[in-house]
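This report concerns only the one structure given below.
Chain identifiers are assigned alphabetically (A, B, ...) following the order of the sequence lines, protein sequences preceding nucleic acid strands; residue numbering begins at 1 within each chain. None of these values were measured; they are calculated from a predicted model. Scope of the values below: all heavy atoms of this structure, side chains included, with no hydrogens, waters or symmetry mates.
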Amino acid sequence: MTLLRGRTVRYVARRLASTLVVLLVIATLSFVIFQLLPSDVSQASCGKPCTAQRRAEVRQFLGYDHSVLVQLWDFVRGVVVGRSYGEGGARVDCSAPCFGYSFRLSDTVASLIGQRFPITASIAVGGALVWLFAGVVGGVVAALRRGTALDRAALASTVVGVSAPTYLVGLAGIYLLGFKLDVLPVGNYVPFTASPGQWAYHLVLPWLVIAFTEAAIYTRFTRSQLLETMSEDYVRTARAKGLRERRVVVRHGLRNALLPVVTLFGLDLGVLLGGAVITEKIFSMQGLGALLVDSINNLDLPVVLGITLFSAVLIVLANLVVDIAYAVLDPRITESA
Amino acid sequence: MSASEYAPPPSATSAAVRAGGETVVSRFCRDRWAVAGVVVVVVLVVAAFAAPLITAINGQNPYSYAYRGALGDDGAPVGALGGVGLTHWFGVEPLTGRDLFAVVLYGARTSILVGVGATVVEVVIGGLLGAAAALFGGWTDRILSRVTDVVVGFPSLIFMIALGAFAPEGFPKGLLVVLVIGLLGWGSTARIVRSQCLSLMQRNFVTASRAMGAGPAHLLREQLLPNLASTLIVITATHIPINIGYEAALSFLGVGVPPPTPAWGRTISNAVAWIATDPWYLLAPAAALFLVTFAFNLVGDGLRDALDPRLAGGE
Amino acid sequence: ACDANSTGDEKKSDGKIHKGGTLTVYTSQTEFPFEPAISQSLAVTSQGLVHRRLTTWDIRPGHQPKVVPDLATTTGTPSDGGRVWTYKLKDGLTFSNGKTITSQDIKYGIERSFAPELSGGLGYHKALLVGGSSYKGPYTGKQLASITTPDAKTIVFRLNSAYGDWPWIVSMPAFAPVPKSADTKPSTYGTKPVASGPYQVQSYHQGTSATLVRNPDWSAKTDSVRGAGPDKIVFKLGQEDTVAAQQLIGDSGEARSAFGADPVPPSQLKQITANASAKSRVALSDPGALVYLAMNTQHGILKDVRVRQAIEYGVDKRAFQLNAGGTQGGSVASTLITPGIPGRASYDLYKAPAAGDVAKAKQLLAQAGVRSGTLRLVTRNENTYVGQAEAVQQSLKNIGLTAKIVPLDVNAWTDAITNDQGNYDLTVASWQPDFPSANGNIQPLFASSQIGGGNYNLSRYSNATVDTLIDKATSTVDPTAAQQLWAQADRRIMQDAPVVPLLYSRNAFMRGSAVSNFDDSGFPNYPNYLRVSLSS
Amino acid sequence: MTVEAPAGRDEPAGTDAVLAIRGLRIAFPAGGGPREVVHGVDLDVTAGRVTALVGESGSGKSVTALSVLRLLDPAVRVDGAVRFAGTDLMHADAATLRRVRGAGVGMVFQEPMGAWNPVQTVGVQLAEALRAHESAERPATGERVRELLAGVGLEDPARIAGSFPHQLSGGQLQRAMVAMATSAGPAVVIADEPTTALDVTVQAGVLDLFRSLAAAGTGILLITHDMGVVADLADEVVVLRSGTVVERGSVADVLTAPREEYTRTLLAAVPRLGSIPGQSLTKRPAPVARLRDVTVDYGVGRVRLGRRAGTPVRAVDGVDLELPAGRTVGLVGESGSGKSTLGRVLAGLLRPDGGQVVVGEVDLRTATGSRLRRVQREIGIVFQDPGSSLNPKHPVGRSIAEPLRLASWSKADAAARVDELLGAVDLDPGFAHRYPHQLSGGQRQRIAIARSLALRPRLLVADEPTSALDVSVQATILALLRRLQDELGFACLFITHDLAVVGAVAHEVAVMRDGRIVEFGTAQDVLVTASDEYTEELLAAAPVADPVEQARRRAVRLARHG
Ligand SMILES: Nc1ncnc2c1ncn2[C@@H]1O[C@H](COP(=O)(O)OP(=O)(O)OP(=O)(O)O)[C@@H](O)[C@H]1O
Ligand SMILES: Nc1ncnc2c1ncn2[C@@H]1O[C@H](COP(=O)(O)OP(=O)(O)OP(=O)(O)O)[C@@H](O)[C@H]1O
Ligand SMILES: [Mg+2]
Ligand SMILES: [Mg+2]
Ligand code: NI
């Protein structure tokens, strides 16, 4: 038994190690792409009017005059031993692990992510719970009432969900609930530590907006998977035991239908934790997504790279959790170690 | 003792044959909603194809500015319902005065092509790689899974900006969009397919097939695919509208189908800003997108149900 | 220069400044450091509340913009034919830390702006000051010799060549004083700077908010420009513009004493005009910044002046105007110097109906031997810009030319139009001068020194006569004489038709009902933050 | 054939029945209108008595049972009356139905493997059944579960309770199913082939359990194909054929003096122990497959994430076995002794942890990829659980043709071969178009057999291939196997619990217990002159189809055990 637990630990360790490779690949690709980007990185911080010479100075100062490999090496070394930028009186130190420094925002990337992540996480996790619940419940109802008007209504509403752009849903939500009915506040993030009540109150609208589209997809998934499992023999057994229909559906039908839903959920949550761009923008909540877009627009490579790697870590971790969840959800699955 | 000696009554025998003989097609055709979905899709595709002929009726095209008489000084359409009338069946576009009916009809060409094309690329790549990871396991699985991680974790936004500038200008934009969306979007499909395949591989009928010496290709085609169908159908049906919207996002990054070629996604995203002042602008393209999505989902549901023999005769 | 009077009653509010209250400003910007070296902002907006400079702008509705002394006693004393400029500081100037403001502090502030660590601001002075192009800032221990401070109250600038608009240059953010002793960590100085203006930074939350409170050491006696009305000013950052507009239209709670720093988008203007209360709270600027179609004079068929002139005639400016939201979006343009700039002369070399003169255009094309042609029209990829590009595309189609729209993201677009290659035919751009002098309209866009290399001569227009005219006007110290030269240059350039002036754009800004003195003049078609106050 | 309610002599007594079925008709939806498979069946289950429902495979036994608790799909048309203790179940509302299910009527399903939820442990599912009908005093569920499992003769109830269905043998699942069906103390137990996967000793134990339940007043409806079991347990017998009751009466009457021709044929087909085929066992041909010191341990080797690792089980322990060409080796033994595991090893589906498996010239332990696949194409296998071994999304014809397609047969050839095979296993060719769920247990099993024989294998591994077949069809299949073996000369490992069947087909017999082969010899040697104590016990426990003789044998067996 300890032997087996040892195996699980080794498996997880190996997955985490391979994560490093994934991150290195992503970092390299990011550097290469930034190199390929049509716009000059120094453009954004050159000032106005700009001269070729100033641009060259800025490039040199930011280190973009080096080759991709050198930049990558500098980055990796920064992570391991820290690095410093600039010289003389303006020198900025970034101690290990240094994931870069943004001159645009005058802060280390790690600290920026640290400030922004709670906002994104609040939006993502809450929204995810809402859509998971709504989607699964909707899917169950649609599946159990297959072919009825209720099923078609669920279909229609999910179609609205998947075909409506988040931007539209967000603005509609703001107009309707925020301004017209004036029941929910629009935007303005309140930290959880400041007031849990206010925190949730201000997040309700973003949660609903995020959940709107996603719930639709989950509804469809749940419906189709549940239709598959509900005709299995063990569901008949469960009925024969005299279980309540709800328990039959949830414990036997749904439980077996969840595998793809869980996969999708892990993935979506992982991606969302890396930044809910549109939602953050609409609700003026400065999470990682808003920061990422700003940084891309300003070609702030260190921040872009930092957020990218951070969200890659989240995605990889989410996948690991999902893979572990498979084994719990379907005990027949074993992972090749 | 022979089979005929204790055969069931003759009537039952012939019925048995027919019961089994029911095909997927006939089951599908029994679902009126699904058939309606097919009809809608076909009608729309034909209409999109014949757009020049149809818009010839009211003498409109989706390109010409026609602000004289159609737009007020503030750039908004004059007249009720966003300028709906005999010449402009769906009204006109604010700020330009273009005929919305023509815009929506021509837009169907781009949007359906991109929506369906990109989704097919996504589902085929994701499906194959996900299934391969599960089927081969071991190193194959490990490498494919990490590649998937990279694809999902990769900052696609920057990539698209770079691509927008680097794709040769002569490269067909529609194809480019299909490839960009497809090649960057297969990650989630791969993960889902992998997880389902892992589960299916433990089922006895797959074991039975392996026991007969079936290779991976055969397993995938014969055993896994029929049981993945419902998952793939859902992915396809939900991704089509998402990708149509995605096309709009891409056109803003310069990778999309460039204006003035109409596309629903772009029209919708333009119209969103007008929701308070000229809601009719949004209505036509949004309704069209809804209709297509709904139709594809109806077809998907119908197909799913038809492919599931255990639901046969359920209605 | 007030030719539009839709918000006439608002113009009269210029006057009493009520003290007290908390003013909120909604802005879509996410970074908001009060760092003078990297700032590109106008003298009359946020930076001006915290940092004073040698000179500043006097912007009032109904008056032409004027440069006025701020920390200095005059707008500058030229010598050596405009190559040397001398300033004396006023008495009784103190920083928010209680220290006296000296000329060394100003010199240090300017020197900082040369450091690569603090690049990104308005840097007109960098090329003008002797030795500026090779100077790398004070952090390596070097000083810039062309700025001298004979005593604590005097500062002297030595320029590479005569420059008549130098008084405007010293109104820019980099000319704000920075005490060297407080600049221990340059990269974060902007989050808690030492203030010289009526407000100091109380808190700055990157991406979320910046709060200003009164600077007790500021004295109204030395400052005739700043009203310093509200007790506290809160900038709410990263606000989505449509949502902010909606909030202001609603006019309840905090929004009552707030205004939006971003113009109301055209799609929402109609909603505002339909709502009497909202309509009364819109400040619609006079026509200002020039929106123009740049034609690459060094590329393809556009090298031929007749083709360019054909386009001048052929463009449907009315369609373009409607695309910008009609008359509320701007008025049709015909000159390069924009309304509101002193010395502007109004004329139209290519008279045509607002919808264009297709016949004349075709005739010119025929003369040039051009029957058809495909032009590469690069544009920013946001909705508005693509819409504008499409409007141009349609006009060109009318006269038989095909425009191929190439949407690019903002950085790629900037690079495409300002790089040395110049691989495009057309682009639609908008130009707001950084200071209200015709110089700011003409020189950056049409001097041949401004082609490529990150500069904005987007037509890649090069004409020796014009260059001489520009040089002459630049070095002319007498404003009236200079203005005449600029007007002359304007006309001369238009004869070569390197750009099609399309619109003088107008901006509409929304305020809450408790906000007063919120108005918008011709230049810089942007509200003057310095005088905004709250009604009691 | 009349489908009206049978009158006169066939009319059941009825008044004191707990469960009374009247005029039951069941019709499945089909392309050309509903297809009726049960044509007006009357059936009574009386408290304290055992009613046996016997009949041909596909005659409607299981669907009749399912219709009682309304467990058929709503799309299936069910007419007639079902009354349980005065309640009309046909029209009962959901709450009433739920109360009756499990607590009033317990149900043992025919195919135990598919009937368990694969993602929950057996213990959890049992506990769930207990909790669904919890009475006022809360029993300690965990303990109750283990008690129940022990009650059906499972030796390690704690491990069984903690195992997932796929970790248990067919017989273990079947017994757990019996435990679950009886857990809530139902007034009626419907047991659909409850002993098909059980060796005779264990089967005897389960039958004893039923007997004691009956003695305590439970009414039992026993569906079985095994006349020995009928003789052992039943009071009444009802014979069903093609959805119609053809004969009913007391067990003594029906088994010893059947009135109907059909019943007589049925009884005549019952194989009897000792009817060893007269095959000359001269020289042993060369072995097709060889097992050397094969060991299989479950529960070690792969990563099972996030789960409490189950107790490792040594399922096969140092087995040596040779399968000569043209010969059938019968493998019998206790439920859970490792028979199926051995079969999987032989088919190359499970890599043993130790030892050597050679089929043809290929060592299955080391072979991989196409090399392994080539060997596997020469091996036919019938899984113990035929239902789950058929792809639910394919018509069974397609499943039968799968090996043919793997061998690149043409479409037409394959179709013809499928028809031929269906005929050989006594099924109408029309069945090719049906889906697995539309078949009866026995029909599915025959499909699996047909598939295994499709390619003329060199080695056939048949795991309980006739467990769901009535004796007449079973006889057909056994004859088919013998004939094909003579023709093709394949080696066969025939796993079964039925000693009479072993006698009928096997040349040699291996007896397995706790993963080891405890006895091996010619069928004659093992079955007639058993030397091993366990084998002796097996022989003694095998029921015979004569109620009087069977009662005697039972008495003897009980006496031996004290
Ligand atoms: N995947 C597994 N993990 C753990 N234990 C298992 C697994 N599969 C089978 N076992 C155990 O191995 C033993 C042998 O199982 P096997 O299926 O071979 O028995 P069997 O002889 O076929 O029994 P039956 O006659 O009941 O079918 C049983 O005790 C069973 O519980
Ligand atoms: N879902 C279904 N759809 C169509 N036909 C079905 C379905 N289920 C069962 N049948 C048919 O109904 C008949 C009776 O089936 P049932 O399962 O009751 O047989 P059975 O008597 O239990 O046979 P066995 O002994 O083989 O288990 C069979 O001919 C079978 O093919
Ligand atoms: Mg049956
Ligand atoms: Mg077994
Ligand atoms: Ni049997």
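A salt bridge does not link E245(A) to R98(D): none of the charged side-chain nitrogens sits closer than 4.0 Å to a carboxylate oxygen.
In this structure, the portion of L66(D) lying under 4.5 Å from any heavy atom of chain A is its side chain and not its backbone. Contact annotation for Q125(D): both backbone and side-chain heavy atoms come within less than 4.5 Å of a heavy atom of chain A. With a 4.5 Å cut-off on non-hydrogen atoms, R244(A) touches chain D through its backbone and its side chain both. Of the two parts of V124(D), only the side chain, counted from C-beta on, holds a non-hydrogen atom closer than 4.5 Å to a non-hydrogen atom of chain A.
Atom CZ of R145(A) has 12 or fewer neighbouring heavy atoms from other residues, nucleotides or ligands inside a 6.0 Å radius.
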Would Q167(D) and R332(A) count as a side-chain contact (heavy atoms from CB on, under 4.5 Å) if you check the C-alpha gap in whole Å, the side-chain angles of each, and the deciding distance to 0.1 Å?
-> CA-CA 9 Å; Q167(D) 295 171 325; R332(A) 291 167 296 185; over 6 Å; no

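In this structure the side chain of R239(A) never reaches within 4.5 angstrom of the side chain of M107(D), judged on heavy atoms. Side-chain contact between K393(D) and E228(A) is present, with at least one heavy-atom pair separated by less than 4.5 Å. You'll find the side chain of P331(A) reaches within 4.5 Å of the side chain of H166(D), heavy atoms only. With contacts defined as side-chain heavy-atom distances shorter than 4.5 Å, the pair R236(A)/F109(D) qualifies. Contact of the N256(A) side chain with the P118(D) side chain is registered, since non-hydrogen atoms from C-beta on lie closer than 4.5 Å. Between T237(A) and W116(D) the shortest side-chain heavy-atom distance does not fall below 4.5 Å.
Counting heavy-atom pairs under 4.5 Å between each of G102(D), A129(D), G114(D), A115(D) and chain A puts A115(D) at the top.
When all heavy atoms of A240(A) and L71(D) are compared, the closest pair comes out as CB-CD1, 3.7 Å. In terms of heavy atoms, A132(D) sits closest to G242(A) at CB-O, 4.2 Å.
For the residue pair E128(D)/H252(A), the side-chain donor-acceptor check at 3.5 Å is satisfied.
Once rounded to the nearest 0.5 Å, the distance linking CG of L130(D) with NZ of K241(A) reads 9.5 Å. With rounding to the nearest 0.5 angstrom, the CG atom of N117(D) is 7.0 Å from the CZ atom of R255(A).
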